[in-house]
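Throughout, protein chains are lettered first and strands after them, A, B, ... in sequence-line order, and every chain is numbered starting at 1.
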Number of protein chains: 2
Amino acid sequence: MAEQLFLGDYQNLFNLFDNIYPLKDEIKSAIIANSEVIEVAKKTKLLSVDERSNTIYFIIKGAARIFYLDKEGKETNTWILFENQLLISVYSFYTGNPSFEYIETLEHCQLIAVKREKLDELYLNFMEFNFSGRKLTEFYHMRNEIQANELRMLSAKERYQNLLERNPQLFQRVSLGHIASYLGISQETLSRIRKQK
Amino acid sequence: MAEQLFLGDYQNLFNLFDNIYPLKDEIKSAIIANSEVIEVAKKTKLLSVDERSNTIYFIIKGAARIFYLDKEGKETNTWILFENQLLISVYSFYTGNPSFEYIETLEHCQLIAVKREKLDELYLNFMEFNFSGRKLTEFYHMRNEIQANELRMLSAKERYQNLLERNPQLFQRVSLGHIASYLGISQETLSRIRKQK
DNA sequence: GCTGGCTTTTGACAAAAGTCAAAAAACTAT
DNA sequence: ATAGTTTTTTGACTTTTGTCAAAAGCCAGC
């Protein structure tokens, strides 16, 4: 009988993949061998502006945000991410160019970290792993498209109501200031919207 | 000596792929066998709201837009696409769910059309084709992320100046009304921005 | 060269959201 | 519990962008 691979912290990541296309144990072992599980404190910067991102993270436990600073130095959050999501500065990780955004933990986090060279090796050594990678990228691509469309087509209030409905846990774990910024509105406007109804 | 594959209309599509990861002739043949080259007139709808998108297009010649209707029935363009770009309603094509947006040609177009079932077959039959598919998806994903960030961080005027600088050809081929809509502003606002400087 | 559409511009006004400053409320750590 | 920090709310005012309506400009086809 085949020996059972010890998955531990990788359980959820592999579930994610297996739901797309069952991953061979060989690939799972290679993923484990080519990544590491790290713990980082709240408010740790995982990436800063002008650095080149060379790591993709999977959030086992915790929360993080991606944000940039505008011309006046004000922070704007573009993503807020939780358990079982990938944490990546898309532009810098894919292109290798210096980042225009920051990645910062919002809570104490447990993460799986994979370096780009290792990931590239995995993709080259296991061609069928690209099937999973493609599907996952398609999913994140779609999520972005939806986000961009909502920024265009919905008013501040509608975006708030949408988020509240679809992601109520967010409001338990993240300050309204961060949420306002993620919604693309000022904190004061969010406060007024919430009072209204 | 190996027989030279006749590429014809597929030349540019294959160049795109070859720049990512050289495609075997076997795959190229399969792509040709599983797609078709079509001509469509200006203002043709390739996808309408509530239809399920089952085709991805590569633009050989021409231009097209993707847009949705807001609550008041006003059109908003989310993408304007030209030669050598992929034309797809990301949400509907990836999920198979009914579309919330339209795809419409802006000019007479020559397109390569691939049905989803055929594309899925190609991905399953040629695992290394997923390598190319993944990279291409990553590229489009990145482009979306940039678009969403610009919608957040730049003012109407800055978005206009950016677009003018990076995509001047757009202004030759597409009406200002369509461009304003793509920039997420009203036609009148665009007109005023243009007058200013 | 004129006619009948589109497209673009202009003006007056309205709406949505932002800014600044201060108060109130909610947490945190000692 | 309390002092100190951070977060959230409130009020007054400003800025940006949108809306509506009309005029002007442009272009295709007869």
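At the phosphate of dA17(C), neither OP1 nor OP2 sits under 4.0 Å from any side-chain N or O atom of T189(A). The side chain of K195(B) places no N or O atom within less than 4.0 Å of a non-bridging phosphate oxygen (OP1 or OP2) of dT9(C).
When side chains are defined from C-beta on, F129(B) counts as touching L23(B), because their heavy atoms get closer than 4.5 Å.
A side-chain donor-acceptor contact under 3.5 Å links E101(A) and S89(A).
Looking at residues two or more places apart in sequence or on another chain, you find a ring-ring contact (aromatic ring centres under 6.0 Å, His included) between F131(B) and Y21(B).
Per the geometry, CD belonging to E75(A) stands 13 Å off P belonging to dT6(D), to the nearest Å. Straight-line distance from the CZ atom of R152(B) to the C1' atom of dA17(C): 16 Å, rounded to whole Å.
Cation-pi geometry between R65(A) and Y182(A) is not satisfied (NZ or CZ under 6.0 Å from the ring centre, within 45° of the ring normal).
Not one N or O on the side chain of Q11(B) forms a donor-acceptor pair closer than 3.5 Å with the backbone of G8(B).
Of the residues in residues 162-180 of chain B, those lying under 4.0 Å from DNA chain C by heavy-atom distance are S175(B), L176(B), G177(B).
Within a 6.0 Å sphere centred on NZ of K71(B), other residues, nucleotides and ligands contribute more than 12 heavy atoms.
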Given protein heavy atoms under 4.0 Å, the one-letter contact record of nucleotides 21-30 of chain C, with B base, S sugar-phosphate only and - none, is simply B---------

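Of the charged side-chain nitrogens involved, at least one lies within less than 4.0 Å of a carboxylate oxygen, so that E150(B) and R166(B) count as a salt-bridged pair.
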